[in-house]
Amino acid sequence: MILTQLPPEFEAARPVLDTITAAGYEAYFVGGCVRDTILGKPLHDVDIATSAFPAEVKALFKRTVDTGIEHGTVMILDHGTGYETTTFRTESSYQDYRRPDSVTFVRSLQQDLQRRDFTINALAMKTSGEVVDLFDGLADLKAGVLRAVGVAEDRFHEDALRMMRAIRFASQLDFDIESTTERAIQDNAALLSKIAVERTRVEWEKLLTGQAPKRGLAALLATDLYRYMPKMADQRAALVTLCDLPDWQLPDTASAWTLMAWLTGCRERQQISRLLKAWKTSNELIMHVEAASHALAALKAYGRLTARENFDVGHTALKTANQVATLLGFGQSQAELDQAYSALPIHDKHELAVNGGDLLRAGLVTPGPAMGQILAACLAAVINGKVKNERAELLDFARMVADSKSD
Ligand SMILES: Nc1ccn([C@@H]2O[C@H](COP(=O)(O)OP(=O)(O)OP(=O)(O)O)[C@@H](O)[C@H]2O)c(=O)n1
Ligand SMILES: [Mg+2]
């Protein structure tokens, strides 16, 4: 197969490959970028494989960064773009970064492609557009099949994350997992528990936000792989529920985690935070999912949020909640939710027309906890529409609250 029209990312990288080949080495585009080009999908990174050893690559370019030199990876910087360039190698070193000596550099492309995970990822391409397909990856790409290169067991022993990757690609590409490969996942599923949670999480998020998530989830259930994901061993029922829902898609990781928290019965802040911490997500995401989960519970119970809930949850988390509610069958009109949110008198506590200094100057209070309580009462009154967000009215209201306190 020869691709006649290469995407602009490849055209931009052409001089880099030409420099390497002009020096007498081989250089190819390789892996996901070749796969995605043939599928007509957008590219996110261009990876290069070469017969040149890292020191040889570095000698050819002015600017390089040692991003993973012990695995043979050097990043070449060219016109503001970085190209991960990896020396042909045999044994996978993905598994154990503390054992860089598990990499053996080789001079042959065939040996390099042989240690890659799936046939559709073991494709290489020359700058001429000629695709090198030594493991029938093109046929599998056409048929929509994920098949391990060579002996599946061996590939999964080299890097157990590949089992997650298989299932993630099934969802992302809407592909079938070939039966021997699927069987090998089932037989080796327990190896996943050795993989760093962060790596598993990336695949899990890609699976949930893929185009055919039910396909990935069905494979997760069929192979029992979910049992070795954090906090998931007892969650078969939740996954079955997801598979039984009418076709659905999730727009982002925040909605994916809000859905998972909901289906695994995490309603309280603490439960949500415990779940997400087990998956080592960012604190920012935890806060977003907590807020969205709060909104989701309100949508489920009442179909709407109170003004206070709207204020506390915020617009982005509200949107996340409604996306998940829609998937679960109790979504509301987003336009109406947006309207109710916009109708709030204020959207942030800094918009309140009085602050602590105002209360002090008006002689309503002395510094201390009482001040916080009065401000909180003002905020609540404004959010609930009881008092206008205007200085004079709020000072009157604050005086009333202060008086009632001193009674
Ligand atoms: N555990 C892994 C990870 C990667 N690879 C190989 O390295 C390539 C690039 O890896 P990566 O960018 O992680 O994955 P992609 O397949 O490119 O998928 P994505 O679109 O998510 O980048 C893969 O295509 C595959 O050939 C592998 O064999 N085993
Ligand atoms: Mg990639």
Side-chain angles (χ1 to χ4, degrees), residues 7 9-10 13 28-50 67-68 71-75 81-97 102-104 106 109-125 131-138 140-141 145-175 177 181 184-185 188 191-192 194-196 198-211 216 225 253:
E9 292 90 339
F10 283 147
Y28 301 86
F29 296 113
V30 76
C33 62
V34 179
R35 174 198 72 219
D36 289 342
T37 300
I38 297 169
L39 289 173
K41 290 184 180 276
L43 303 187
H44 33 97
D45 44 20
V46 169
D47 290 318
I48 298 169
T50 179
T67 47
H71 313 115
T73 305
V74 170
M75 181 184 274
T81 307
Y83 297 100
E84 294 272 346
T85 307
T86 306
T87 304
F88 296 156
R89 60 182 197 215
T90 52
E91 230 173 309
S92 171
S93 59
Y94 296 104
Q95 177 94 315
D96 193 346
Y97 286 93
S102 66
V103 193
T104 312
V106 291
L109 175 67
Q110 136 126 55
Q111 280 174 293
D112 179 87
L113 295 179
Q114 203 168 304
R115 59 89 191 163
R116 290 178 182 268
D117 52 5
F118 305 106
T119 60
I120 62 164
N121 290 342
L123 295 166
M125 191 176 75
V131 177
V132 182
D133 176 23
L134 304 178
F135 299 95
D136 287 333
L138 286 174
D140 285 338
L141 208 49
V145 172
L146 283 153
R147 184 193 313 270
V149 175
V151 181
E153 291 255 295
D154 295 350
R155 297 295 82 76
F156 297 147
H157 276 270
E158 284 162 358
D159 183 2
L161 186 75
R162 288 170 166 172
M163 298 186 288
M164 259 329 261
R165 279 170 58 89
I167 287 170
R168 172 266 274 208
F169 284 123
S171 163
Q172 257 188 341
L173 306 175
D174 198 2
F175 274 29
I177 303 175
T181 302
I185 298 177
N188 295 282
L191 293 176
L192 184 67
K194 296 197 176 141
I195 294 297
E198 292 87 340
R199 296 181 74 208
T200 304
R201 190 189 70 232
V202 171
E203 302 304 324
W204 180 220
E205 289 171 344
K206 286 182 175 172
L207 190 168
L208 287 170
T209 55
Q211 60 165 315
L225 189 62
T253 50

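Atoms within a ligand are numbered from 1 in the order they appear, just like the ligands themselves.
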Checklist line | Heavy-atom gap Glu158 to ligand 1 smaller than 4.0 Å | finding: no
Check: So, does Phe118 sit close enough to ligand 1 that a heavy atom of it is under 4.0 Å from the ligand?
Finding: no
Margin query: Please report the interatomic distance CG(Leu173) to CZ(Arg168), rounded to the nearest 0.5 Å.
Written below: 8.0 Å
Next item on the list: Flag Asp159 as yes when one of its N or O atoms lies below 3.5 Å from any N or O atom of ligand 1, and as no otherwise.
Entry: yes
Next item on the list: Flag Asp117 as yes when one of its N or O atoms lies below 3.5 Å from any N or O atom of ligand 1, and as no otherwise.
Entry: yes
Note to self: Show, in sequence, the C-alpha distance, side-chain angles and deciding distance for Val132 and Met125, and conclude whether the side chain to side chain contact (heavy atoms under 4.5 Å, CB included) test is met.
What the structure shows: CA-CA 6 Å; Val132 182; Met125 191 176 75; over 6 Å; no
Note to self: Let's go through His71 and Thr86 carefully: what are the C-alpha distance in whole Å and the side-chain angles of both, what is the deciding distance for side chain to side chain contact (heavy atoms under 4.5 Å, CB included) to 0.1 Å, and is it a yes or a no?
What the structure shows: CA-CA 8 Å; His71 313 115; Thr86 306; 5.9 Å; no
Next item on the list: Could you tell me whether Arg116 approaches ligand 1 through its side chain, its backbone, both or neither, with non-hydrogen atoms closer than 4.0 Å?
Entry: both
Check: Taking NZ, NE, NH1 and NH2 as the nitrogens, is one of them in Lys206 or Glu203 under 4.0 Å from a carboxylate oxygen of the other?
Finding: no
Item checked: Residue Gly31 vicinity, atoms of ligand 1 by number, heavy atom under 4.0 Å -> 24 (O)
Next item on the list: Could you tell me whether some N/O pair between Asp45 and ligand 1 is separated by less than 3.5 angstrom?
Entry: no
Next item on the list: Could you see which bit of Phe156 sits under 4.0 Å from ligand 1, with heavy atoms only: side chain, backbone, both or neither?
Entry: neither
Next item on the list: Applying ring-ring contact (aromatic ring centres under 6.0 Å, His included), name anything that partners Phe88, two or more places apart in sequence or on another chain.
Entry: none
Check: Nearest non-hydrogen atom to atom 12 (O) of ligand 1 belongs to which of Asp47, Val30, Val202, Thr86?
Finding: Asp47
Checklist line | Leu43 vs Phe10 side-chain heavy atoms within contact, under 4.5 Å | finding: yes
Checklist line | Within-cut-off N or O pair, Gly32 and ligand 1, under 3.5 Å | finding: yes
Next item on the list: Consider ligand 1: state whether an atom of it lies below 4.0 angstrom from any non-hydrogen atom of Leu161.
Entry: no
Checklist line | Among Ile120, Ile177, Asp136, Thr119, side-chain contact (heavy atoms from CB on, under 4.5 Å) partner for Arg147 | finding: Thr119
Check: Would you say Lys206 touches ligand 1, if touching means a heavy atom closer than 4.0 Å?
Finding: yes
Notebook entry, point to check: Counting heavy atoms only, which of Arg168, Arg35, Arg165 comes nearest to atom 13 (O) of ligand 1?
Noted result: Arg165
Could you give the side-chain donor-acceptor pairs of residues 34-42 under 3.5 Å, partners two or more places apart or in another chain?
| unit_1 | atom_1 | unit_2 | atom_2 | d |
| --- | --- | --- | --- | --- |
| Arg35 | NH1 | Asn121 | OD1 | 2.6 |
| Thr37 | OG1 | Cys33 | O | 2.6 |

Next item on the list: Could you check whether the rings of Phe169 and Phe118 sit parallel, tilted or perpendicular, using 30° and 60° as the cut-offs?
Entry: perpendicular
Next item on the list: Run the numbers on Thr200 and Leu161 for side chain to side chain contact (heavy atoms under 4.5 Å, CB included), then give the verdict.
Entry: CA-CA 7 Å; Thr200 304; Leu161 186 75; 4.1 Å; yes
Notebook entry, point to check: Could a heavy atom of Arg155 be found less than 4.0 Å from some atom of ligand 1?
Noted result: no
Notebook entry, point to check: With backbone taken as N, CA, C and O and side chain as the heavy atoms from C-beta onward, which portion of Asn121 lies under 4.0 Å from ligand 1: side chain, backbone, both, or neither?
Noted result: both
